[in-house]
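A short write-up of the structure that comes next.
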Amino acid sequence: MSASSLRVALVGNPNCGKTALFNLLTGGRQKVANYAGVTVERKEGRFTAPSGRLLQLLDLPGTYSLEANSPDEKITRDVCTGAHPGEPAPDLIVCVADATNLRLHLRFVLEVKRLGRPVVLALNMMDTARRRGIVIDVDEMQRRLGVPVVETVAVKRGGAEALIARVDGEIPVAAPVESDDAASRAGLHAQVRELLAATVKMPRATASLDDAIDRWALHPVFGLALLAALMFLIFQAVFSWATPLMDGIQTGITALGGWLTQALPARSALHSLLNDGIFAGLGAVLVFLPQILILFLFILVLEESGYLPRAAFLLDRMMFKAGLTGRAFIPLLSSFACAIPGIMATRSITDPRDRLTTILVAPLMTCSARLPVYTLLIAAFIPRQTVAGLFNLQGIVLFTLYVAGIVSALVVASVIKRFRRDKSEHALLMELPAYRLPHVRDVALGLWQRTVIFMRRVGGIILSLTVLLWFLSSFPGAPAGATEPAINFSLAGRLGHALHYIFAPIGFNWQICIALVPGLAAREVAVSALGTVYAMSGSDSVLSSQLGVVIAHQWSLATALSLLAWYVFAPQCMSTLAVIRRETNSWRYVAISAGYMFALAYMASLLTYQIARLLT
Amino acid sequence: MASPVRLSDLPKDVPAVVDHVDDAQASDPIAQRLRDLGFVDGEPVRVIALGPLGADPLLVQIGSTRFALRRTEALRVSVRQLVA
């Protein structure tokens, strides 16, 4: 077959390095979308083979078996069999198997082979296999399997050359289709055993280093202590490592704003738009980039290293009691960065019921968009003290806020568990992959992507909201001879004063009420909105770098604490609600999650404000 | 070789081999998945770690793979202890 393009599907068990191989082959030429009608991710990439032939590569969701248990496994099965509507059957299936874990992975290869389509087997992670002394007789395996076998190292440049050469060559002959019944499925394991005995020499089942690490990392006491210490380290680091960078960004923006606007007439609308709107607003958000990056750095390293499923193992019992699953740990941890990737990561939860619960509580995890609000208030109201000679008091308050989010998520999940009708058993069955040293390139790439996403949000939604808010708070202007600040007469001022009736019992002033509105679009906008509101209501232009100083003078401690409590639960940003709608295909769950979070936020703030007022 | 015990009753670090997997109900997807993951007759297994709360879940090594199973899932698997 010499067609100019070839459709190739990548399949394999979870943790076989399939996605790394996909990235290596296609680089940046990837298109990520959803399969029609379902919320399973469809990743397609393309590259040109040495022969000039265009290869369209489809990265299918990882699965242990073609006997599908979850929506994404069903996609893999249907695409492979050609049963998926709107997706022609691939010309060639590349089965990826982890060379260090062939007993498990070869069974799936045999299962795929029985579909009766052309198959190539890629033995991935061959470098690790060699290092562990695993010897594979590739020629013999090829002969016995009846499909071409190539070696790959997905994490190395040029590690897929043999695969490219094979895929670019003649399409292999398909094996005959075989029926799929219980007896023949059971027979697959016997075939794998026979194949392994004849072709693979394995000195020991697992890496001795992994065994040693797991003895400590999964220890009932040390393991939990290690997990707690890791979490605590992350939050301390977010606060102390970022400070010099944040100071630098702050100084830079203040200088840039002053320099750019010095040529403009001081009282003009353009001067006000640039200084009070754009620089005050953006500055307040950009300052938090270093903290968000540090948080992502930790999440990425933990993800790459294979530690996350260990954490899921340690926490499964606790999360199961609360009506979740240990698997929910990974989506929930991602939600600390942002609820949107978190909710999208729930796709890895096989079970629709567990998945729905996780989606509903994921926004309670403290996303990084709340971090600007937290850090602003903590820096302004919590004294910079050392507690017990070791810990930073501000860090402890931040940690407490994170814990409050986690505890409330567990409580909400148990409430959901009590009220749901379906009480049948749902399995954990989770593989703990081998430990891997995180790849500097992969981590750097991940961080870079986060930066781009964050900057896009700053540039797009946040910038336009900030400018909109500036207009709302500038017009209509104050009548001649008015003594109050001009913002009181503007549309935003009126809206803030109107909302103030609802929020006065929880201690919010009208400036906060204004900021809450754009805060619904994206939480971190609340900070830039406050920056704008205060800049507009002062006679001097207040850059938001000084916002902390201003509110420390004008707000009571009770108000600050109440706003902190509000943001533990804060009704979700629009993009989170949109993603819930997309992932559940239901407006009902959107309404439920927005409603319950508003109620929780209001109650928490009411309690905090009233108690704090009594005590202070 | 001793008579089969439940995997959930197998003490930690005691080598055993899988005997069979029971369906908890007719066409039990969890039991089928266990079989697909390699819990089939004669496969060596060993419990290598236990969760911190109520010794749940169990970390089971089968071949060169480690799976975390909850007690209710491990209850489906019968194993034969190997006498050392």
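Note on naming: letters A, B, ... go to the chains in the order of the sequence lines (proteins, then strands), and numbering restarts at 1 for each one. No experiment lies behind these values; they were computed from the predicted model shown. Side chains included, hydrogens not; waters and symmetry mates left out as well; all remaining heavy atoms used.
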In terms of heavy-atom proximity below 4.5 Å to chain B, should A:Arg215 be classed as side chain, backbone, both, or neither? neither
Exercise: identify the closest heavy-atom pair between B:Asp41 and A:Arg193: O-NH2, 3.0 Å
Proximity breakdown for A:Met202 and chain B, heavy-atom pairs closer than 4.5 Å: side chain
Who among B:Ile48, B:Leu69, B:Leu59, B:Val60 has the most heavy-atom pairs with chain A under 4.5 Å? B:Leu59
Under a 4.5 Å heavy-atom cutoff, which of A:Thr100, A:Leu314, A:Val192 has the most pairs with chain B? A:Leu314
Where is the tightest heavy-atom contact between A:Leu104 and B:Leu37, given as atom of each residue plus distance? CD1-O, 3.6 Å
Side chain, backbone, both or neither: which part of B:Arg76 has a heavy atom under 4.5 Å from chain A? side chain
Chain B shares the most heavy-atom pairs under 4.5 Å, among A:Asp211, A:Leu315, A:Leu218, with A:Asp211
If you measure from CD on A:Glu431 to OG1 on B:Thr65, what distance do you get to the nearest 0.5 Å? 5.5 Å
Only pairs of heavy atoms separated by less than 4.5 Å count here; which of A:Pro309, A:Ala312, A:Ala434, A:Ser65 has the most with chain B? A:Ser65
Contacting moiety of A:Leu224, where chain B heavy atoms sit under 4.5 Å: side chain
Lys/Arg N to Asp/Glu carboxylate O, B:Arg66 vs A:Asp214, below 4.0 Å: yes
At a heavy-atom distance under 4.5 Å, which candidate from A:Pro220, A:Ala190, A:Gly326, A:Ala427 has the highest pair count against chain B? A:Ala427
Any idea which of B:Pro57, B:Gly54, B:Ala49 has the most non-hydrogen atom pairs under 4.5 angstrom with chain A? B:Pro57
If you measure from the Lys or Arg side-chain nitrogens to the Asp or Glu carboxylate oxygens, is any gap between B:Arg33 and A:Glu73 under 4.0 Å? yes
May I ask you to decide if B:Asp36's main-chain N or O and A:Arg107's side chain share a donor-acceptor pair within less than 3.5 Å? yes
Check: B:Arg35 main-chain N/O paired with A:His189 side-chain donor or acceptor under 3.5 Å: yes
One should read off an interatomic distance between B:Phe67 CZ and A:Tyr64 OH, to the nearest 0.5 angstrom, of 4.5 Å
Does atom CZ of A:Phe320 have more than 12 heavy-atom neighbours, drawn from other residues, nucleotides or ligands, at distances under 6.0 Å? no
Under 4.5 Å to a heavy atom of chain A? For B:Leu50 that would be backbone
If I take atom CG from residue A:Leu429 and atom CG from residue B:Leu34, how far apart are they, to the nearest 0.5 angstrom? 5.0 Å
Kindly compute the distance separating OG (B:Ser64) from NE2 (A:His105), expressed to the nearest 0.5 Å. 8.0 Å
Ignoring hydrogens, what is the shortest heavy-atom contact between A:Phe313 and B:Gly51? Give both atom names and the distance. CZ-N, 3.6 Å
Answer yes or no: is there a donor N or O on one side and an acceptor on the other, between the side chain of B:Arg70 and the main chain of A:Arg317, under 3.5 Å? no
d(B:Leu53 CG, A:Lys321 NZ) to nearest 0.5 Å is 7.0 Å
